[in-house]
2 protein chains.
Amino acid sequence: MRLFLEKGYGSTSVADVLRAARANSGSLYHFFPAKHDLLLAVLERYRSEIEPRLLAPAWRGVADPIERVFALLRVYRRLLVETGFFYGCPVGSLALEIHEPDPAVRRLLAANFERWAGAVRGCLREAGDRLPVDADPRELSLFVLAVMEGAVMQARTHRSLEAFDASVRRLRDYFRRLEKGARRPRLRPAPAAKEKIR
Amino acid sequence: MRLFLEKGYGSTSVADVLRAARANSGSLYHFFPAKHDLLLAVLERYRSEIEPRLLAPAWRGVADPIERVFALLRVYRRLLVETGFFYGCPVGSLALEIHEPDPAVRRLLAANFERWAGAVRGCLREAGDRLPVDADPRELSLFVLAVMEGAVMQARTHRSLEAFDASVRRLRDYFRRLEKGARRPRLRPAPAAKEKIR
DNA sequence: CGCTTGGTTGATCGATCAATCAAGAGCCCC
DNA sequence: GGGGCTCTTGATTGATCGATCAACCAAGCG
């Protein structure tokens with residue numbers, strides 16, 4: 001996982017993996033028939049770790065569903081800073097590196113995106129009527145993912161947070177305007193009869 | 001350019017280039033000291049072609065500056081469709097593939113982003129007071145680039161336009177709300193005293 | 001005609017690539 | 001103690017990688 005994140009899939013040789021894992025080629029190939037299966041395993045693990053290793057820490061102490069979206073973005077910001085713009089979103093990097101139309105790999109990349117966006121979607125749904133009815137949570141979640149990936153890409157390229165911070169700020173502005181626009185239908189600020197979905 | 005776009009830099013062998021160009025290795029290395037310089041030349045050409053080969057056709061017949069932003073996004077949408085989600089943004093793909101901190105390559109990638117975002121920024125400045133004063137054109141242009149790159153990434157991964165269209169729709173919604181919010185200060189629709197910057 | 005310059009040819013280099021394989025090690029059950 | 005199983009060892013394979021090189025070619029010039 002570390003090597004694919006740092007050097008990408010194609011530029012990581014099996015010898016690199018063997019050295020880092022202090023294993024012999026025979027052992028590796030006993031469990032993974034080909035290098036390709038290593039990528040599949042990495043992508044599966046990323047997917048399974050999105051919830052416990054990414055979302056859970058990011059949302060610790062953050063109850064507000066919309067704030068959670070930005071808390072998630074803050075994790076990527078911190079990752080960029082702490083690694084000197086070396087690590088970005090591993091899934092995004094692999095998604096653009098893999099050009100071959102391998103169905104299994106693409107399905108796993110899509111599953112990673114789907115879980116990420118699905119989590120954001122959950123937040124937006126939880127936000128309920130704070131957002132306008134025409135702000136489809138599904139659309140919005142895909143939009144947030146696009147902004148994150150594009151922002152991380154620019155940050156890594158420029159080795160600067162400017163584009164990242166600018167993008168997050170504009171996204172924040174959008175959400176502010178969405179919330180302001182949603183308050184039109186019901187003007188009563190009373191939180192008493194707030195119906196709970198689910 | 002075609003090979004780097006289709007297979008990426010690392011997965012394109014010099015032999016691939018030689019075959020496609022019907023040249024011999026000696027000839028290639030006479031002009032390009034190393035494969036690395038091939039990448040530099042490609043990135044320089046991309047940068048110089050942004051204006052004539054991307055912006056000019058995209059904006060033909062589109063006068064409205066804000067519409068031009070979305071006309072630009074439409075080019076990427078068409079590219080995705082016409083190539084069956086094979087081609088995306090070449091600069092974005094290379095930006096995420098190149099992990100080594102090569103200064104020359106990174107500078108050229110950044111220059112490509114800068115020119116793209118700069119063009120969008122020009123549109124936004126031209127839009128003038130149709131946008132709120134607090135909507136910094138620089139921030140907005142980086143935001144638009146992030147959305148484009150993230151949207152293309154998702155489209156290629158899912159082999160579907162859903163995330164792309166959703167992202168563009170949300171960006172459109174954002175601009176609509178920005179325009180609506182900007183109309184507050186000056187309510188007169190008279191275009192007479194419109195001062196022209198530069 | 002000889003000589004220079006700019007470019008071409010394609011075999012060849014050592015390194016590295018992903019992947020293989022025969023041999024053996026450790027362990028459990030009988 | 002011995003068979004059977006899982007897993008490890010590491011040398012080795014053939015292909016491919018980026019890059020080099022001496023030889024060659026054609027146009028230009030005096």
Side-chain angles (χ1 to χ4, degrees), chain A residues 1-48 86 90-91 93-109 112 157, chain B residues 1-48 86 90-91 93-109 112 157:
Chain A
M1 291 180 78
R2 183 176 60 78
L3 288 169
F4 286 175
L5 177 57
E6 289 177 358
K7 320 178 39 163
Y9 174 71
S11 298
T12 298
S13 73
V14 176
D16 289 334
V17 177
L18 297 175
R19 201 177 314 116
R22 274 188 289 277
N24 294 102
S25 61
S27 298
L28 176 72
Y29 280 96
H30 176 75
F31 295 98
F32 300 94
K35 187 192 178 187
H36 173 261
D37 300 281
L38 223 46
L39 176 60
L40 295 180
V42 165
L43 285 175
E44 285 205 57
R45 173 163 283 223
Y46 271 129
R47 185 175 52 126
S48 70
F86 195 48
V91 182
S93 300
L94 291 171
L96 283 197
E97 184 189 343
I98 311 298
H99 291 244
E100 342 123 24
D102 183 311
V105 172
R106 233 199 24 251
R107 214 176 318 122
L108 273 170
L109 288 168
N112 271 275
T157 304
Chain B
M1 292 181 78
R2 183 175 61 79
L3 287 168
F4 286 176
L5 177 58
E6 290 177 357
K7 318 178 43 163
Y9 173 71
S11 297
T12 299
S13 74
V14 176
D16 289 334
V17 177
L18 296 176
R19 201 176 314 116
R22 273 187 290 277
N24 292 102
S25 63
S27 299
L28 177 72
Y29 280 98
H30 177 75
F31 294 98
F32 300 94
K35 186 191 178 189
H36 173 260
D37 300 279
L38 222 47
L39 177 59
L40 295 180
V42 165
L43 286 175
E44 286 204 58
R45 174 163 282 223
Y46 270 130
R47 185 175 52 127
S48 70
F86 195 46
V91 182
S93 299
L94 291 171
L96 283 197
E97 183 188 344
I98 311 299
H99 291 245
E100 341 121 25
D102 182 312
V105 172
R106 232 198 23 251
R107 214 176 318 122
L108 273 171
L109 288 167
N112 271 275
T157 304

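Lettering follows sequence order; numbering is per chain, from 1. Heavy-atom basis, side chains included; hydrogens, waters and symmetry copies ignored.
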Considering non-hydrogen atoms only, spot the tightest contact between B:Ala95 and A:Thr157 and give its length.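 Minimum heavy-atom separation between B:Ala95 and A:Thr157: CB-OG1, 3.6 Å.
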If you look at every strand shown and take non-hydrogen atoms under 4.0 Å, does A:Ala34 touch a base, only sugar-phosphate, or nothing?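 A:Ala34: backbone/sugar contact only, no base atoms under 4.0 Å.
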Which part of the nucleic acid, if any, lies within contact of A:Ser11, taking any heavy atom under 4.0 Å across all strands shown: a base, the sugar-phosphate backbone alone, or nothing?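 Here A:Ser11 touches no strand at all.
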Report the distance from atom [atom1] of [X] to atom [atom2] of [N], rounded to the nearest whole Å.
{"X": "A:Leu18", "N": "C:dC17", "atom1": "CG", "atom2": "P", "answer": "11 Å"}
{"X": "B:Leu39", "N": "D:dA19", "atom1": "CG", "atom2": "C1'", "answer": "17 Å"}
{"X": "B:Asp16", "N": "D:dA19", "atom1": "CG", "atom2": "C1'", "answer": "16 Å"}
{"X": "A:Leu28", "N": "D:dA11", "atom1": "CG", "atom2": "P", "answer": "17 Å"}
{"X": "A:Lys7", "N": "C:dT16", "atom1": "NZ", "atom2": "C1'", "answer": "12 Å"}
{"X": "B:Arg19", "N": "C:dG10", "atom1": "CZ", "atom2": "P", "answer": "15 Å"}
{"X": "A:Phe31", "N": "D:dC7", "atom1": "CZ", "atom2": "P", "answer": "5 Å"}
{"X": "A:Phe32", "N": "D:dT8", "atom1": "CZ", "atom2": "C1'", "answer": "15 Å"}

State which of [options] makes the closest approach to the side chain of [X].
{"X": "B:Tyr29", "options": "D:dT9, C:dT8, D:dG18", "result": "D:dG18"}
{"X": "B:Ser25", "options": "D:dA19, D:dG10, C:dG7", "result": "D:dA19"}
{"X": "A:His30", "options": "D:dG10, D:dT6, D:dG18", "result": "D:dT6"}

Any side-chain donor paired with an acceptor under 3.5 Å for A:Ser13 and A:Asp16?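 Yes.
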Judged by each residue's nearest nucleotide on DNA chain C, which is more toward the 5′ side, A:Ala15 or A:Ser27?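 Upstream on the strand: A:Ala15.
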Geometric cation-pi criterion A:Lys35 and A:Tyr9, 6.0 Å radius, 45° cone: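 The answer is yes, since A:Lys35 meets both limits relative to A:Tyr9.
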Roughly how far, to the nearest 0.5 Å, is CD of A:Glu6 from OG1 of A:Thr12?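 A:Thr12 atom OG1 to A:Glu6 atom CD measures 8.5 Å (nearest 0.5 Å).
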Give a yes/no answer on whether the side chain of B:Ser13 brings an N or O atom under 4.0 Å of OP1 or OP2 in D:dC17.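 For D:dC17, OP1 or OP2 has a side-chain N or O of B:Ser13 closer than 4.0 Å.
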Can you find a side chain N or O atom of A:Asn24 that sits less than 4.0 Å from OP1 or OP2 on D:dT8?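 No.
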Side-chain (A:Asn112) to main-chain (A:Leu109) donor-acceptor, under 3.5 angstrom: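 Looks like no, no N/O pair under 3.5 Å.
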